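Accompanying notes for the structure given below.
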Amino acid sequence: MLDLKFIRENAGAVKEAIRVKGVPLDLDDLLTLDRELLGVKQRVEALQTERNANAKLVPRATPEARPALIQTGKDLAEEIKGLEPSLRAHEEQLRQLLLRVPNIPHPDVPVGRDDTENVELRREGVLPTFDFTPLDQVELLERQGWSDFERVARVSGSRSYLLKGDGALLEMAVQMFAMSFLAGRGFTPLSTTALVRPETLVNSGHFPGDEESVYKLEGDELMLAGTAEVPVNSLYAGEQMSEGQLPMTFAAISGAFRREAGSAGRDVRGLIRVHEFRKVEQYVICRADEQEALRWFDTILGNAEALLAALELPYRVVQNCTGDMGAGKVLMYDIETWVPSEQVYRETHSCSYLGDWQARRTGLRYRGEDGKLVYAHTLNNTGIATPRILVPFLENHQQRDGTIHVPQALRPYLGGRDTLGTP
Ligand SMILES: Nc1ncnc2c1ncn2[C@@H]1O[C@H](COS(=O)(=O)NC(=O)[C@@H](N)CO)[C@@H](O)[C@H]1O
């Protein structure tokens, strides 16, 4: 959410952000409502001033004049009361529109309609070459007996998964590796819930807009978050932090649940796109200083790249264009990891800087050195998301005999083994 004063004074820039991000919102509707609300508020204030002035006359009035003055006071009170529903209705309507106003993208962000116009920044790592016919993720899992898609589909339907044996241990090893790695870089490990109150999804910016992606629990005021970004963003909601408490950096592991309503027919096989997965999320709350925040952006991007490098996985970094970055972002890069069976890079990480847009919705404020209360800046990036990352992992590290090479960095989490599976 942007500051209403900023919107009034920068309507042109906000309209441009709406245009380049393709947000379905007419800012003039909001500005008209804002003026109407100001009008109602001025009317109420004028009546209150009149009422106060009138009230002062009563004690000094003559007995003959007093009844009329008291009646005037009652009439004014009635008129003020009569305006309150309209005041509240206008305020709620304005808030609903304010929640839809997108953040201003950083000037470096390429303008584009959708992900086809994202810009590749660089490629890292060496693509694998195989002197045998490589298998894809599902073939590798089935050959090793590490999955049972058929049975779990009976239990949970499509886009479900179950990993068995070393397949299960590999998923947890990758999660633990990521958590230890990030803890080693000073990020506070969190193991957190995905069960959240609806307002936390408004705080994070997923609502309004992403409602169809989120599982809602019938009869409970709870929903299932699609990323630990949601609960972690609201952990300190409404609190006044001290500047000394910032920056806060978290590595939060949680379940992640997504309805994938818009993905019919895409990635229906295997581990790429499932309804429930687990993710280690990097989350940063820092001072309202763009230079510091952009340094954190580089840090959490670098952490993810270092994790991929340690897992010996080739990847590329792309900059999301305005049409593929979502309403709240100032800056966004995706990391896409090489999937041999598809001969393409597939998104495995998403790194975002949101300025104070999320913090304003969430009420994340700190008292600066000058004593003023300021909204913090927030950033997030995937650390590791399983099981998706296992797709490039298994396919890139498969060996001729169908076993899987374990990179040095992961061996401590797999009992020291350098290979998984049986030939
Ligand atoms: N349905 C899904 N199944 C498996 N993995 C998924 C699914 N949806 C997203 N992911 C993984 O989660 C990562 C982050 O998802 S994201 O929506 O792009 N971004 C976020 O959630 C941010 N909070 C950064 O993590 C994706 O890059 C992908 O690796």
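Just the heavy atoms: all of them, side chains too, but no hydrogens, waters or symmetry mates, feed the values below. Just so you know, ligand 1 is whichever comes first in the structure, and atom 1 is the first atom listed for that ligand. A quick note: this is a predicted structure, and the numbers were derived from the prediction, not measured.
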Keeping R51 on the side-chain end and L76 on the backbone end, is there a donor-acceptor pair under 3.5 Å?
no
Has Y283 got a side-chain atom pairing as donor or acceptor with V230's backbone, closer than 3.5 angstrom?
no
Run through ligand 1 for me and note each protein residue having a heavy atom under 4.0 Å from it, chain first, then residue number.
T227, E229, R258, E260, I272, R273, V274, F277, K279, E281, E347, T348, H349, S350, N380, N381, T382, A385, R388
I'd like to know if the side chain of E117 and the backbone of C321 have a donor-acceptor N/O pair within less than 3.5 Å.
no
Residues at least two apart in sequence or cross-chain that pass side chain to side chain contact (heavy atoms under 4.5 Å, CB included) with A409, listed by chain then number, are F177, A310
Does the Q398 side chain pair with the main chain of L135, one donor and one acceptor, at a distance under 3.5 Å?
yes
Check: F181 ring centre within less than 6.0 Å of F187 ring centre
no
